[in-house]
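Only one structure is covered here, and it is reproduced in the block below.
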Amino acid sequence: MKFTAEQIAGILEGEVIGNPNAEVSRLSKIEEGEEGSLTFLANPKYINHIYTTRASVTIVNDSFVPESEITTTLIKVEDAYASFSKLLEFYNQVKLNKNGIESQAFITEGVQYGANLYLGSFSYVGQNVVLGDNVKIYPNSFIGDNVVIGDNVYIFAGAKIYSETIIGNNCTIHSGAIIGADGFGFVPNEEGVYSKVPQIGNVVIEDNVDIGANTTIDRATLGSTIIRKGVKLDNQIQIAHNVEIGENTVIAAQTGVAGSTKIGKNCMIGGQVGIAGHLTIGNNVRLQAQAGVARNIKDDEILQGSPAFNYNDFSKSYVHFKNFPKIVSELEELKKQIINPKNGNNG
């Protein structure tokens with residue numbers, strides 16, 4: 001796909017300085033710009049690159065005034081970084097805007113779907129599924145029976161959506177994600193042999209949720225595992241059965257949340273965090289990377305460590321921990337002085 005500087009300026013409501021017919025077909029960093037590429041300048045520390053970049057078009061702030069000759073065509077906007085981000089979103093939408101059902105896809109009779117459906121090869125859509133408008137299901141994906149998917153949803157290659165799952169509008173589910181597998185429910189008998197507890201609930205994902213590659217969200221034993229609107233989940237996260245994650249909470253990679261834990265709104269959870277089951281995590285909580293959480297957490301707490309405790313206390317304690325060998329050495333020296341003082345008095 002090729003766009004001219006004039007077309008891009010129209011999308012961004014910007015002003016072209018230079019050749020309005022300059023064409024671009026790809027994006028680049030300003031220091032790596034080549035002919036036919038589009039870049040941007042927002043950070044002043046990269047300003048020198050605008051005089052040497054070979055990019056055909058560069059987005060800059062309104063305030064930018066060249067101090068020497070440049071060869072790139074400029075598009076002046078109010079905020080170069082925000083405009084470039086807007087352009088990335090536009091480009092992504094154009095790139096992903098596929099339509100139609102490919103010949104080697106399988107769609108069960110009775111499936112309901114809206115306008116502009118894309119269903120890639122070797123994908124399967126089960127019985128009684130309802131798909132909204134602009135749903136894009138990429139190759140090798142599985143959509144189980146009785147699934148409901150809203151409008152403007154992207155399900156990338158190899159994702160698996162088990163039966164009875166409900167997905168809202170404007171969601172993205174990346175490759176390898178598995179939504180609605182059985183929760184980890186087993187009961188031991190007197191001999192210590194484990195019997196499976198049937199997992200007959202489902203998963204509910206509300207609007208504007210992003211789920212990363214290879215992340216797994218288990219169905220509830222009873223009721224629903226719920227991912228509230230605006231939640232962003234990184235890659236390789238495990239969400240167990242009957243968990244609820246509050247609005248606009250973000251969770252980084254390799255975090256695990258055990259069954260029936262409730263996480264509040266606007267939380268930020270770092271990578272490799274472990275959260276035990278049946279806990280309540282308040283709103284606006286911050287959990288630093290590799291924290292281990294085994295207790296309920298009140299609103300606005302910031303925790304670190306395993307077991308996790310107050311972030312400021314952890315930071316202060318860690319200073320002492322690093323100096324621990326030195327502290328022990330000093331204590332040993334003090335002990336010697338007390339037992340064997342210089343004046344020879346042992347008493």
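Ring orientation note: the planes of H174 and F156 are close to parallel, at an angle under 30° on the 30°/60° scale. Using the six-membered ring where Trp is involved, F142 and Y162 have ring planes that are perpendicular, over 60° apart on the 30 and 60° scheme. Ring orientation note: the planes of F184 and F186 are nearly perpendicular, at an angle over 60° on the 30°/60° scale.
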- Given the rule in the side chain to side chain donor-acceptor pair (under 3.5 Å) test, do N134 and N152 qualify, once you have shown the distances and angles that lead to the verdict? CA-CA 5 Å; N134 304 308; N152 308 310; 3.1 Å; yes
- Task: Decide yes or no on side-chain contact (heavy atoms from CB on, under 4.5 Å) for I8 and L38, but give the supporting numbers first.
- Result: CA-CA 10 Å; I8 295 168; L38 169 72; 4.1 Å; yes
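The backbone N or O of T280 lies less than 3.5 Å from a partner atom in the side chain of N296, making a donor-acceptor pair. Looking at K229, its side chain never comes within 3.5 Å of a backbone N or O of G168 through a donor-acceptor pair. Counting only distance, with no hydrogens or angles, the side chain of N43 and the backbone of Y46 share no donor-acceptor pair below 3.5 Å. The backbone N or O of I50 sits nowhere less than 3.5 Å from a side-chain atom of T53 that would complete a donor-acceptor pair. Side-chain atoms of N169 come within 3.5 Å of backbone N or O of D151 as a donor-acceptor pair. When atom types are taken as modelled, the side chain of N61 and the backbone of A80 share a donor-acceptor pair closer than 3.5 angstrom. Side-chain N or O atoms of T165 include none that pairs as donor or acceptor with a backbone N or O of G180 at under 3.5 Å. Within the 3.5 Å criterion, the main-chain N or O of A177 finds no donor-acceptor partner in the side chain of T215. Between the side chain of S123 and the main chain of A105, no donor-acceptor pair closer than 3.5 Å is present. The main-chain N or O of L12 is never found under 3.5 Å from a side-chain atom of S83 such that the two would form a donor-acceptor pair.
Between L303 and Q288, every side-chain heavy-atom pair lies at or beyond the 4.5 Å cut-off. Contact of the V153 side chain with the N170 side chain is not registered, since no non-hydrogen atoms from C-beta on lie closer than 4.5 Å. Side-chain contact between N116 and V135: absent, with no pair of heavy atoms (C-beta onward) separated by less than 4.5 Å. Using a 4.5 Å heavy-atom cutoff, the side chains of L287 and I275 are in contact. Side-chain atoms of I227 and V204, non-hydrogen and from C-beta on, never get closer than 4.5 Å to each other. Looking at I251 and I245, their side chains come closer than 4.5 Å, going by heavy atoms from C-beta outward. The side-chain heavy atoms of F106 and F122, taken from C-beta on, include no pair separated by under 4.5 Å. A 4.5 Å side-chain heavy-atom check between V231 and V250 finds every atom pair outside the cut-off.
Under 4.0 Å is where a charged nitrogen must lie from a carboxylate oxygen, and between E301 and R295 at least one such pair does. Note on R286 versus D300: no salt bridge recorded, every NZ/NE/NH1/NH2 to OD/OE distance being 4.0 Å or above.
No more than 12 heavy atoms of other residues, nucleotides or ligands sit less than 6.0 Å from atom NZ of K265. For K196, the NZ atom is densely surrounded, since the number of other residues' heavy atoms within 6.0 Å is greater than 12. Enclosure of atom CZ in F64 by more than 12 non-hydrogen atoms of other residues, nucleotides or ligands within 6.0 angstrom is indicated. No more than 12 heavy-atom neighbours from other residues, nucleotides or ligands sit within 6.0 angstrom of OH on Y113. With a 6.0 Å radius and a threshold of 12 heavy atoms from other residues, nucleotides or ligands, Y81 has its OH atom at or below the threshold. No more than 12 heavy atoms of other residues, nucleotides or ligands shown are found within 6.0 angstrom of CD on E78.
A side-chain donor from one of T72 and T58 sits under 3.5 Å from a side-chain acceptor of the other.
When all heavy atoms of G305 and F314 are compared, the closest pair comes out as CA-CE1, 3.6 Å. Nearest heavy atom pair, residue G259 against residue A240, reads N-CB, 3.4 Å.
A search for side chain to side chain donor-acceptor pair (under 3.5 Å) contacts involving S224 returns N202, not counting sequence neighbours. Applying the side chain to side chain donor-acceptor pair (under 3.5 Å) rule to N146 yields the partners N128, E164; only residues at least two apart in sequence or on another chain are considered. Applying the side chain to side chain contact (heavy atoms under 4.5 Å, CB included) test to V328 and every residue at least two apart in sequence or in another chain returns F324, E332.
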List the atom pairs, donor and acceptor, that lie under 3.5 Å between side-chain atoms in residues 15-32 and the rest of the protein, sequence neighbours left out.
from	atom 1	to	atom 2	distance (Å)
N19	OD1	N21	N	2.9
R26	NH2	E35	O	2.8
S28	OG	S37	OG	3.1

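Taking CG of D79 as the start and CZ of F40 as the end, the distance is 10.0 Å to the nearest 0.5 Å. Going from atom CG of L131 over to atom CD1 of I143 covers 7.0 Å, rounded to the nearest 0.5 Å. Between S317 atom OG and N312 atom CG the span is 10.5 Å, to the nearest 0.5 Å. I178 contributes atom CD1, which lies 12.5 Å from atom CZ of R219 (distance to the nearest 0.5 angstrom).
The stretch residues 51-70 participates, sequence neighbours left out, in these salt bridge (Lys or Arg N to Asp or Glu O under 4.0 Å) pairs: E34-R54. For residues 233-255, the set of pairs meeting the side-chain hydrogen bond (donor to acceptor under 3.5 Å, both in side chains) definition, not counting sequence neighbours, comprises Q199-H241, T216-Q238, D218-Q238, T221-H241, R228-E244, Q254-Q272.
Put simply, the residue from L119, N99, L117 that forms a side-chain contact (heavy atoms from CB on, under 4.5 Å) with K136 is N99.
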